[in-house]
Amino acid sequence: MFSASILLQILACALYNNWWPMLSALMYVLVPMPCLFFGGGSTSFLTSREGGGWINAAKFLTGASAVGSIAIPAILRHANMIETGAMFIEFVSFFILICTVLCFHRVSLDEDW
């Protein structure tokens, strides 16, 4: 699923001969960083209500980078830098990436593995 998301990311750029949509790939790299730095590599802190300042900062940074993944293609489309089709391909790519992350989160919470 992750590979399909990256493929769609590249197709959004290659089909329209415009590489500005690849800017949202930067956000794909930034989304897991708060989990790695503040959560110890685990995603369980994202669903917990407890935590201190660093945990809340990690939740904020994760949410901000996830919103940025949707906002960047929308802003680029609004500025007429990318085509509408490229924007929708970016949105589908993001949806597949989120489904991948949710599946990983669900499997990592399961103790049977």
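The structure presented is a predicted model; accordingly, all values stated were derived computationally and were not measured.
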(request) Mind listing the closest non-hydrogen atom pair of Tyr16 and Ala86 along with its distance? (result) CE1-N, 3.4 Å

(request) Specify the closest pair of heavy atoms between Pro34 and Leu61, including all atoms of both residues, with the distance to one decimal. (result) CG-CB, 3.6 Å

(message) So, taking the atom named CG in Leu8 and the one named CG in Leu97, what distance separates them when rounded to the nearest 0.5 Å?
(response) 11.0 Å

(message) Check for me, please, whether Leu30 and Ile75 land in the same ILVMFWY cluster - side-chain distances under 4.5 Å, paths through other members count.
(response) no

(request) Indicate, with yes or no, if Val67 and Val101 share a hydrophobic cluster defined by side-chain heavy-atom contacts under 4.5 Å among Ile, Leu, Val, Met, Phe, Trp and Tyr. (result) no

(request) Please list all pairs passing the side chain to side chain donor-acceptor pair (under 3.5 Å) test where one or both residues lie in residues 78-88, with sequence neighbours left out. (result) Arg77-Asn80, Arg77-Thr84

(request) Could you grab the distance from atom SG of Cys99 to atom CZ of Phe2, nearest 0.5 Å is fine? (result) 14.0 Å

(message) Using 0.5 Å steps for rounding, measure from the CD1 atom of Ile72 to the CG atom of Leu23.
(response) 4.5 Å

(request) For residues 90-101, pull every pair meeting side chain to side chain donor-acceptor pair (under 3.5 Å), keeping only residues two or more places apart or in separate chains. (result) Ser5-Ser93, Gln9-Glu90, Ser24-Glu90, Tyr28-Ser93

(request) Using the rule that two of Ile, Leu, Val, Met, Phe, Trp, Tyr join whenever any of their side-chain heavy atoms come within less than 4.5 Å, decide whether Leu26 and Trp20 are in one cluster. (result) yes

(message) Hydrophobic clusters here meaning ILVMFWY residues chained together by side-chain heavy-atom distances under 4.5 Å, can you tell me if Met33 and Phe60 are in one?
(response) yes

(message) If you compare all heavy atoms of Ser69 against all heavy atoms of Met27, which two are closest, and at what distance to 0.1 Å?
(response) OG-CB, 3.2 Å

(message) Count I, L, V, M, F, W, Y as connected when their side-chain heavy atoms are under 4.5 Å apart, and connections chain through other members. Are Ile96 and Leu102 then in the same cluster?
(response) no

(request) Report the distance from atom CG of Leu11 to atom CD1 of Ile6, rounding to the nearest 0.5 Å. (result) 11.5 Å

(message) Distance check, rounded to the nearest 0.5 Å: Phe94 atom CZ versus Ile70 atom CD1?
(response) 4.0 Å

(message) Testing the basics here: between Leu15 and Ile89, what is the closest heavy-atom pair and its distance to 0.1 Å?
(response) CD1-CD1, 4.2 Å

(message) Could you measure the distance from the SG atom of Cys103 to the CD1 atom of Ile98? Nearest 0.5 Å is fine.
(response) 11.0 Å

(request) State, to 0.1 Å, how close Ile10 and Met22 come at their nearest heavy-atom pair, and which atoms those are. (result) CG1-CE, 3.9 Å

